[in-house]
Amino acid sequence: LDHFFNWEFILKDIYKRPFITLGFLSFVLILPLAITSNNNVIKKLTYNTWKKIHRLIYFIAPLATLHFYLITKSDKTEPIIYLVIINLLLAFRIFHYFTKNLK
């Protein structure tokens with residue numbers, strides 16, 4: 001809206017600043033999680049469908065922390081801490097998934 005739908009300028013701005021794309025993509029992907037996070041919707045969707053939708057978080061969390069890393073200008077310590085924590089948690093989930101399925 002700032003650029004009054006000047007698509008050429010908007011696309012150049014997105015290319016120049018990838019943190020905008022990552023942030024917007026994270027926001028758009030988290031909307032289904034927010035919409036489906038109440039008991040009425042879970043009952044309508046069934047638990048298994050709801051669980052599949054909420055697996056998007058494994059994709060959203062690294063995107064959001066990468067967005068935070070790129071948007072931080074000076075001290076990048078905090079975003080790096082978040083990136084490390086999320087990567088460790090995802091690695092644990094992947095390890096747990098494969099060891100559970102091998103048995």
Going only through I, L, V, M, F, W and Y residues with side-chain contacts under 4.5 Å, is there a path from [X] to [Y]?
X: Ile57; Y: Leu88; result: yes
X: Ile81; Y: Leu83; result: no
X: Leu70; Y: Ile85; result: no
X: Phe27; Y: Leu25; result: no
X: Val84; Y: Ile71; result: yes

Is it the case that atom NZ in Lys12 sees more than 12 heavy atoms from other parts of the structure closer than 6.0 Å? no
Do you know the tightest heavy-atom contact between [X] and [Y]?
X: Phe5; Y: Ile10; value: CA-CD1, 4.2 Å
X: Tyr69; Y: Lys76; value: O-NZ, 2.8 Å
X: Ile86; Y: Thr65; value: CD1-CG2, 3.1 Å

Would you call the rings of His96 and Phe92 parallel, tilted or perpendicular, taking 30° and 60° as the class edges? parallel
Would you sort out whether Asp75 and Thr77 count as a side chain to side chain donor-acceptor pair (under 3.5 Å), showing the intermediate values? CA-CA 6 Å; Asp75 185 19; Thr77 307; 2.6 Å; yes
Can you tell if the side chain of [X] reaches within under 4.5 Å of the side chain of [Y], non-hydrogen atoms only?
X: Ile60; Y: Leu33; value: yes
X: Phe68; Y: Glu78; value: yes
X: Asp13; Y: Ile20; value: yes
X: Val41; Y: Trp50; value: no

Rounded at 0.5 Å granularity, tell me how far CG in Asn6 sits from CG in Leu11. 9.5 Å
Donor-acceptor pair, distance only, cut-off 3.5 Å: does the side chain of Lys52 make one with the backbone of Asn48? no
Verify side-chain contact (heavy atoms from CB on, under 4.5 Å) between Phe19 and Leu22, making sure each step is shown before the conclusion. CA-CA 5 Å; Phe19 67 87; Leu22 291 175; 5.6 Å; no
Contacts satisfying side chain to side chain donor-acceptor pair (under 3.5 Å) that involve residues 21-39 (not counting sequence neighbours) are Thr36-His54
Given the rule in the side-chain contact (heavy atoms from CB on, under 4.5 Å) test, do Phe59 and Leu63 qualify, once you have shown the distances and angles that lead to the verdict? CA-CA 7 Å; Phe59 185 68; Leu63 275 179; 3.4 Å; yes
